[in-house]
Every structure is written in structure tokens, then in C-alpha cells.
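Accompanying notes for the structure given below.
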Amino acid sequence: MAAARRHRRVAASQPGFIPLKSDLDGKSLSIGRRKRVNKNKKKNWNKYSDINDVEEFLDDVRLQERATGGLIADKTDESLFFVDTGTKESVLEPASSEETGKKSKPLRIDLILQPTSNVAPPKDILAHQRPNAKKERRIAQKIQKLTDMGVLPRRKRPQKVPVKEKPIISKDPDRNFYDIWSAGSPETADPYYLEQTKKKLVKRPEKMNEKPSLLPAVEVIAPGGSYNPDFLSHQALLLEAHEVEVTKLKAETKLARKLAVNKKEFATQETTFKEQIEGLVEEGEEPENETEGPEAVADADEDEAVGPTAQQEKKTEKQRKREKDERIKELQKKAARQMIDSRQQLFKLRSIETELKKREQKTKMRQIKRKTQQEAQKTLPRRLGKLKFQAPDLDVQLSDELAGSLRTLKPEGSVLKDRFKSLQKRNLIEPRERAKFKRKHKLKYVEKRDFKEIK
Amino acid sequence: MGGLQKKKYESGSATNYISRNKARKKLCLSLADFRRLCILKGVYPHEPKHKKKVNKGSTAQRTFYLLKDIRFLLHEPIVGKFREYKIFVRKLRKAYGKAEWGGVERLRDNKPAYKLDHIVKERYPTFIDALRDVDDALSMCFLFSTFARTGKCHVQTIQLCRRLSVEWMNYIVTSRSLKKVFLSIKGIYYQAEVLGQTITWLVPYQFAHDHPTDVDYRVMATFTEFYTTLLGFVNFRLYQTLNLLYPPKLDVKGETELKAEFEEDYAMDSESYLEKLSALSASLARVVSSAEEEEAEMDYFPVEGEDMEKMEARVKAQHEQDKQKKLFEGLKFFLNREVPRESLAFILRCFGAQVSWDKSLCIGSTYDAEDETITHHIVDRPNMDKQYMNRYYIQPQWVFDSVNAKMLLPVEDYFLGVTLPPHLSPFVEEKEGDYVPPEKLKLLALQRGERPVEEDEEDDEEEEEEEDDDEEEEEDDDEEAEEEAKLKEMEEKKSQGKALPVKVTPGKVKSENRHRLEQEEKAEEKRLAIMMMKKRDKYLYDKIMFGKKRHVRETNKMVAKRKALDEASKADRKKKKQKKQ
């Protein structure tokens, strides 16, 4: 192409060559002198070569394509021309066309948005292509071939896009079940490896498997708690409940008694007056006290003075010797006494034996007692926190509350509370007080204006 | 003497325990989460023996845990999940605050969740361990399933509990393992024997809830969370042992029978199947459809002597059990609408009866009240307008009492409008010499196969019997007293020795029967044994005997009381009668 351009330029520069277009001609004339340009650079090729004619030609081609959808030269004659045989007379047509035109006339906005060119839009290749289509097709063909032959693929290809599974929640009623206690295949991997990679769970301490209380999980109510009880068992239950109530009442009255205000200790006019003038009137006693005070102090001083002087006196040599002798004598005496005693014990063998037996028996009894106490403690609620376990009220219906039939039965107490208390009683949870609601800021009372107005 | 001085509280019990707050901090959990974790893992607080030492000199009351337990908790994968959940909540709150709804949705989709399967396995290494501890789980599940869906706890939890409890009931029905029922003022106690384990559970009456305020619902919900998981696995395993399908399905016959017309009106499609299952009127489908349950013959081992006797006893017990299992077989019951449907249907089905109820009462009724083949109609109202000749109209207590008595009780005492006999607790087992209420004595007599006579006579007889018993007991007492007196005499004789004047007189031939002789011999032996006792043992023996006598005296007192009461009531009745006349 560059060569053609050069030729053209060379031809144009020849004298006697008449250019087709005047404006081009003028340009070339205005250039007049040819500028010398290095032609060993691509930049200059583009800059100083004239390609207007080509562009014009191409513009023309594009125009044709836009207008007609192809080159006019390629069109058939029939599509371009028609034989004019005169206008057809039509009377009805305009009216109908008007009618239809009114209806079928597209909106102007639609017309504007209509594509103006007749060139078909380029095909979106990517819409039809799939990456690795050929490879996948080949694989599919292969699998098809194999299945035709009777060979099934070893495993299904995992889906390219993993479907996100929702985690199974233990609360979900629709989760699936499996046998947790079925003997699975024994672990063959290295135990150390399993331990280090946290694949093996840590062993549970043995002590945790012991139940904290020996009480049964569900304690059956006494026979008196039947909805239609036997008379005596009902009475027995009532008595039990009554006793509980009596002890409670006793404790309450005791507390009330202790906290009661003694009316004798109320302040009377006399006592208040006494209190007011205390220290003002009674002066007679005070001087006596004052006289006693210094004497006591003096006594104390004397005592102090005696102590240290006595200690500071040194013992004489004689005294020391005597003391030592006395000490030795004492020791000897003691040893002799012991000898005699031990010898004497020979004759007391019997009494010693009985004493030993007694002691043994005592220890045995104590052991038994302690053991029974321990056993009893196992069924008792322990002190596990700030609060003590408080036994729930016994569920009892009075004789007139008892229903004659199942239909009229009125259940007593709450099973929920019973269960909760049972958990506490069996030391599974510590008894707790419900957290109290604490207000951060004090409430402020404001009279609203509306309210004021009404008043 | 050398060595460093030991510091206080650096060894011994002070290091074995850890206070709750410290444990919480060690695990980096909030108190609520810590409590939850402890419940799920089965870590319970301990009361140390030397509190002051453990508490480092302070006497404040604190909750302590064993340090080893807390160290064990550190390895728990769920702890991580708890922390994740905390972060999730924080993020969610932030997203809400910023009104980023897309973010909220994304967070919701990725909500951290945990499973408790490994904890179940860890706490109950074998199936039997789990079964032993299932009492609590059952009571809790039955309780939660009766809750109203009012937001006290998650609706999901309530549904799950309902499903699990229905599954359990269905299992008990199919395995026919129910043993005892007790209607108390609190709720209904059931006892069943499953795979050799005695399991007791408590079911509240329906619609009996007022929500108590002093119960920590969060704690209860946590327990339930664990127990539902446990019960799910237990149910699955139990269904497997009976070759039942899990999740439970009604068998084909039941499914076609239960096709009600107005099913849609009763329950939504999603719930109607569970409702049908909970109706308990149809049997369940099996994995292997066995035509009939083949009776498993007991293994027979050839043995001799004592073992033989034991064996026979066992065989006899087995027979009795089988008989009890088929207590209501062949009977056809109809429940009137005022009786507690679920518990009665459950119990009746447990012993092989056919049950139905009014169509409008509940889904799953199989026949109408007009059915001619109905044998028992259970009613709990004073009278009925329309009565059929060929069926018994009885009060519901008959069913419960019959189950506890292991036999079909005479229906006369339970007819419509009759004052019911007391409902005795089957959980009480009287020892020898205990006070036994006369109703129970009557029942025992019935069980022995004695026919009850006319009521008044029977009463008299009973009283006589009681009196006889008393006399016997008194006689026993007298005998013992006599024995002692004789012993004393003999001892005196011994001590006096040979000084006694001895005479020989011609004797008479005594006609003695062998039985009497044997008894005397035994008594003699006993007397000798008592005589040979050491002083210490003798003291103990006397004490025991005294206790027994006191016990007897007390029971006698009770009997006398009862007698007086009965007489008083009789007199009242007579007066009333006279008034009427």
C-alpha cells in the first residue's frame, strides 16, 4: 500500500497531471515545494503520505453499507430499480391508511431509538463459545462411548460450582440421624499424629462420669399425691406438709420475736432529759476518778522498776552447780519411775487389753458412723454457691380440693419447677437468684404540659 | 531442717479446685456461655471438703469446679463455636445499625452452628449408658412438648420435643414395655422396662401450665438442647432393635385407614403426619415386613437343684410378663371426648387394645361410637343419654388400675357415676409388717385368683382377716415373751444347779404330729441361738426386735383408725338411708 501511495504521489508531482479534485489540487499547490523527509522512519511514512482518497473511498463504502446493507454495485438490478407503470388509483386506501396509520404509527421516541444503519450487528462470539468446549465435548464423547460399551465411570465428576450447604443445627427438627454407637472402623493412623492434629478428642476424666448425687432423676410423688388417694396415705402426706409449714412458721415467729421492739426501752421524757443534761450536773463523781487515776499509774511504775533489777543479778557458780545437780537428779528419778511403770504394766496386761479393745471398738464405731454420714451426704443437696438449696413446697391437695374424677382434676404445682428443683437437688446446677433489674439512672417525674392544662 | 519454707495455697486442695469466675476467664467465655458449656459437657460444680483452704483463707461462699474438668473443657471444639457466635452477633448488630440489609442477609446465611453428637458419644460411650440416663431427657422432652408456642422458648425446640416424645411413645407401644402408670396431682408417672432398664418419666397434664417465674428458662433450654440430641440417637437405636423404620412411618394398613376426609382442616400437610403418628391408633411400618411376631422361646439350660427352681421361677415370671403384655388384647375401646385422649390411647395401645375416638376430637380415629363391636366405652361424666347394651361404660381409672394390677379388674366398681375406689400408687412396695390399705389387700386377693364375694360380707371378712392378722402378730409377740420367760427360768435352774429335788413320775405317751414337732424344733433352735448370743449381739437383737414390735404396733394403730373411719362412714350411710326412707 505504501508503494501505491508513493506511486500516486510521484504521478501527481509530474507536470501535466491533472488532479480530480480541486481542493486537493489547491493543497498540493500550496505545499508547492516538496518537503524533504527522511523515509527511514515509520513515523514519517504516516505523517507525510496522503491517504485521503482511500479514506473517501472507504467512507463511501460505509455509507453504502449503512444505507442499503451492502455495496450498491453488488445489488441485483431488481432490488434497485422498478418499472414505473403509472400511479394506481385508489380511493379507499387513504382513509384506511389514515385509520391504520393512527393506530400503527410508532412513537417518535421509538423511531429515534431505531437503528439507523442497515448493517447487521456483529455477532457476539463469546455468547456462543464455551471455554474448553472442545475438550469437554471430547470427554463427554469418551464417557458416552465407555457407557455404551458397558464401562461405568469410576466416580461422578464433582460439580464445578460447589453448592453451599447449610450447617446442620442440632435444634433443626429435620436433620438426619445415624447410629452414634455403632462400632466404626478402628483408627489405624498413628495415635501421635491424631493427637497432634486434634483429630482425636481428649479423654474425658473418669471422675466426671460419676453422678454428683445418688438421687433418681425422677422422684415419684408419695402415694398420698394420687389424684384419688387412699385416705390414710393422703393424711400422711398432709401431715408431712403440715410439719414443714409448722417449722417455717416457727422460724418466722422466732425472727419476729427477736426483732420486736421492746416498749420498755422507748425513750420517755425523763430519759431524754437525762440524756440532754448528761455531763452537766453530776460533778461529784468525777474528782474521785481523778484521784484514783494517778495512784494507779504510780503502782504500775513501781512494778516496772522491780522487774529488770532482779533479772540483771548474776548467778553464782555454786548456784549453777546446784541447779545442774537438781536437774540430773530429776531426770534419773523420771527414768527410774518409767522403768518401774513399764515393769508394773506386766501385771496390768488384762486391763491394758480391755482398754485397747475399747479403743478399737470406738474407732470402728466412729468409722461406721462416718461412712453412714458420707452415704447420707451423697443424696443431700450440697452447698454449691452463695445460696442454699431450698426445697420446693410439697404438692398437696386438701381433702376438699381433691377431685372425684379425672375430668375435674386440677393439677397442683408446676412440672417445670419440679424439674428445675430436681436439677438443683441433684447438684447439677447451683441454686441462683434471678438477676435483678438495675436501673442505670433514676427515674425523673415530669408533669406533661397537656396534663397541666387539663388541671 | 533445711529446705525452703512451703508457701500457702500452692499445693493440695487449693490447686485442685478453681472458682467459677477464674474458670470462666480461663475459657474466655461469658458467664452465660460458660454455664451452657458446663451443662452440655456434664461438668458440675463441686463442694470442696476444706472450703477455707480452697478459697485461700476466705470464707466467702463461692462456686468451685475441679481444675481438671476445666482443663478438659479447654479442648472442646464447641468453645470456639461459642466465641464465633459472639462475634456473629456483634457483626449482625453492627450491620443492623448501619442498615446494611444485604450484609445482614449474608451474615444470617453464615450463622455459626454446632452439633452435640460428639458430646453424646463422649458422655455415653455405650448405648446402655445412654438408656440409663434417659429418664431426665424424657421428662424434659414431654414437658417442653406441652409448652405453648408463645416465645418462652424456640418453636423449633417445641416441635422437636414433640416429635421425639411421639417417637418414644410409639416405640413403647410397639415394644409393649410399659409397666406402671400413676395418676398424681402433678402429672402422670409412667414406668417402662426397655432392654432391661427401668425407665420412669413424668408427663404433665395437658394445658396445665402457668409459667413459674423463678425458673431459669435458659438453663432448662440448654438441658433440653442436649437431651433432644440424646433422645434422637436413643430413639433411632431403639427403632433399629425392633426393625422399625426411622423416622417412623405408619404401616400401609394404617395409612389407608387414617385417610380422613377433612385432613386439611385439622392440620397442615407438614404437620398432619406427625399428628397421625401422635394419635397412636395405627401400628408402625417395619423394615422387614414380618407377618407375625414370632414368640421368642426362652433359652433352656439343663440344670439341677437350686438352679432348677430358679429357672422355673424365671419361666413363670416370663409367662406372667407375656400375659401382662396382652392384657387388653381383643378388646375394643371407645374414648368419649372428655377423657384425656393421649394418655389413655397410649396405655391401651401398649397392651394391645384397639382404640378410637370421636372424629372431631382428633385425627386418626378408626371407628365410630356406633360400632357394635366396641366392648368398653370410657366415659368421665355422671351419666350418658344413649347407651348400648353390649358394652361396658366405665370410668378411665379402670384402665390405669388394671394396668397396675396386671389383670382386668372387675368393671362393677368403675361403672358410670359410681364413687371410684382410691387410685393406689404402684410405686410403693410394702415390706413385711407395713401397713397395707384394705383396697390393696383386696387387689392382692384378686390377683391370687380369689373371687370377691358380696360387698358387705367381704368387708366383714376383711376385717376379720385383719383381726386375725393382728391376733397372729400378737401371738408372735406372746410367744417370744414366753420364750424369754422360759429362758430365764432355765438359766435360773442352771444357776441353782443340782440342789433341786428330783422326782421321777410315770409318763404318758403323747400323740404328736410331725409338723408340730418340726416347728417346736425350729423354735428350740432359735431359742438356743438367742441364748448363745454374745452380750453385744444380744443388745442389737433386742433393739431390732423392739423396732419390729413398734412397727407392728403402729400398723395396728393405722388399721384401727381405718376401721373406725369405715364404721363412721357406714353409720353415716345408714343414717342417710334412713333419712331417705
Side-chain angles (χ1 to χ4, degrees), chain A residues 164 166-173 177-181 198 201-202 204-205 207-209 212 216-218 220-223 225-233 382-386 395-397 404-407 409-420 423 427-430 432 434, chain B residues 42-45 47 61 63 68-69 72 75 113 115-118 120-122 126-127 135-136 139-140 143 156-157 159-160 163 183-187 189 200-202 204-205 208 212 215 219-220 225 229 232-233 236-237 246 338 380 395-396 420 422-425 427-428 437 439 558 562 565:
Chain A
K164 204 172 72 183
K166 276 205 162 183
I168 297 160
I169 309 166
S170 58
K171 280 177 193 164
D172 185 10
F177 284 94
Y178 61 95
D179 191 358
I180 203 170
W181 292 288
K198 296 193 172 172
L201 289 173
V202 180
R204 191 178 167 88
K207 218 173 182 186
M208 267 168 75
N209 292 334
V218 179
V220 181
I221 196 169
S226 162
Y227 92 101
N228 181 14
D230 168 43
F231 173 72
L232 283 174
S233 46
R382 316 302 302 265
R383 179 77 185 254
L384 295 175
K386 239 184 217 172
D395 291 323
V396 164
Q397 280 187 335
S405 72
L406 205 53
R407 178 172 50 93
L409 167 68
K410 229 179 175 184
E412 188 75 29
S414 158
V415 177
L416 184 68
K417 196 173 173 185
D418 172 65
R419 293 278 82 219
F420 186 63
L423 292 175
N427 303 327
L428 301 190
I429 48 177
E430 75 271 14
R432 242 175 4 123
R434 200 174 179 196
Chain B
V43 174
Y44 307 121
E47 188 188 22
Q61 296 290 351
T63 311
K68 269 187 188 171
D69 292 1
F72 171 63
H75 297 285
K115 284 172 90 175
L116 300 175
D117 301 3
H118 66 281
V120 172
K121 173 83 177 167
E122 177 195 289
T126 64
F127 175 56
D135 294 25
D136 240 338
S139 297
M140 209 69 117
L143 172 65
Q156 255 182 348
T157 314
Q159 273 174 338
L160 180 61
R163 203 194 75 189
L183 293 170
S184 79
I185 49 175
K186 229 186 236 173
Y189 290 91
T200 318
W201 71 98
L202 171 62
Y205 290 113
V215 171
V219 166
M220 296 304 265
E225 191 184 342
T229 315
F233 285 119
F236 179 75
R237 182 72 181 239
Y246 193 90
E338 69 273 7
D380 198 3
Q395 300 192 38
L420 290 166
H423 177 64
L424 301 171
S425 170
F427 292 96
V428 182
E439 288 82 10
M558 294 275 262
R562 169 81 191 201
L565 182 84

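Reminder, nothing fancy here: chain letters follow the sequence lines and each chain counts from 1.
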Q. Going from CD1 on A:I221 to CZ on B:F427, what distance comes out if it is rounded to the nearest 0.5 angstrom?
A.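 One gets 11.5 Å once the value is rounded to the nearest 0.5 Å.
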Q.
If I take atom CD from residue B:Q61 and atom CZ from residue A:R383, how far apart are they, to the nearest 0.5 angstrom?
A.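 The CD atom of B:Q61 sits 3.5 Å away from the CZ atom of A:R383.
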At a heavy-atom distance under 4.5 Å, which candidate from [options] has the highest pair count against chain B?
options                        : answer
A:P216, A:A217, A:S226         : A:S226
A:L406, A:D395, A:V396, A:N427 : A:L406
A:V202, A:L409, A:I429         : A:V202
A:D418, A:N209, A:L201         : A:D418
A:M208, A:Q397, A:K386         : A:M208
A:G225, A:P212, A:P223         : A:G225

Q: Measure B:V215 against the heavy atoms of chain A and call it side chain, backbone, both or neither at under 4.5 Å.
A: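 Backbone plus side chain of B:V215, per the 4.5 Å heavy-atom cut-off to chain A.
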Q.
Which atoms of B:T200 are under 4.5 Å from chain A, going by heavy atoms: the side chain, the backbone, both sets, or neither?
A.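 B:T200 touches chain A through backbone and side-chain heavy atoms alike.
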**Q.** Pairing residues for B:E47 by the salt bridge (charged side-chain N to carboxylate O under 4.0 Å, His left out) criterion, not counting sequence neighbours
**A.**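 Salt bridge (charged side-chain N to carboxylate O under 4.0 Å, His left out) check on B:E47 returns A:R382, B:K51.
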Q: Specify the closest pair of heavy atoms between B:F236 and A:D179, including all atoms of both residues, with the distance to one decimal.
A: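 Nearest pair, atom of B:F236 first, then A:D179: CE2-N, 3.3 Å.
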Leading residue by heavy atom contact count with chain A [cutoff under 4.5 Å; candidates [options]]:
options                        : value
B:S425, B:P396, B:P212, B:G187 : B:P212
B:E338, B:M558, B:R237         : B:R237
B:K186, B:H118, B:M140         : B:K186

Q) Are any non-hydrogen side-chain atoms of B:M220 and A:L423 less than 4.5 angstrom apart? A)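 Counting from C-beta outward, B:M220 and A:L423 do come under 4.5 Å.
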Q | Any side-chain heavy-atom pair of A:W181 and B:V120 under 4.5 Å | A |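 Side-chain contact under 4.5 Å: yes.
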Q: Tell me, yes or no, whether the heavy-atom count around B:K121 atom NZ, taken from other residues, nucleotides or ligands under 6.0 Å, exceeds 12.
A: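 Above 12, so yes.
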**Q.** With sequence neighbours excluded, residues passing ring pair (Phe, Tyr, Trp, His ring centres under 6.0 Å) with A:Y227
**A.**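 A:Y227: ring pair (Phe, Tyr, Trp, His ring centres under 6.0 Å) contacts with B:H423.
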Q: Report the C-alpha separation of B:D69 and A:K207 in whole Å, then their side-chain angles, then the decisive distance to 0.1 Å, and conclude whether the salt bridge (charged side-chain N to carboxylate O under 4.0 Å, His left out) test is met.
A: CA-CA 9 Å; B:D69 292 1; A:K207 218 173 182 186; over 6 Å; no
Q. Where does A:L384 contact chain B at under 4.5 Å (heavy atoms): side chain, backbone, both or neither?
A.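 Both parts, backbone and side chain.
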Q. Between B:E122 and A:R204, does a salt bridge (charged side-chain N to carboxylate O under 4.0 Å, His left out) hold up when you go through it step by step?
A. CA-CA 7 Å; B:E122 177 195 289; A:R204 191 178 167 88; 3.0 Å; yes
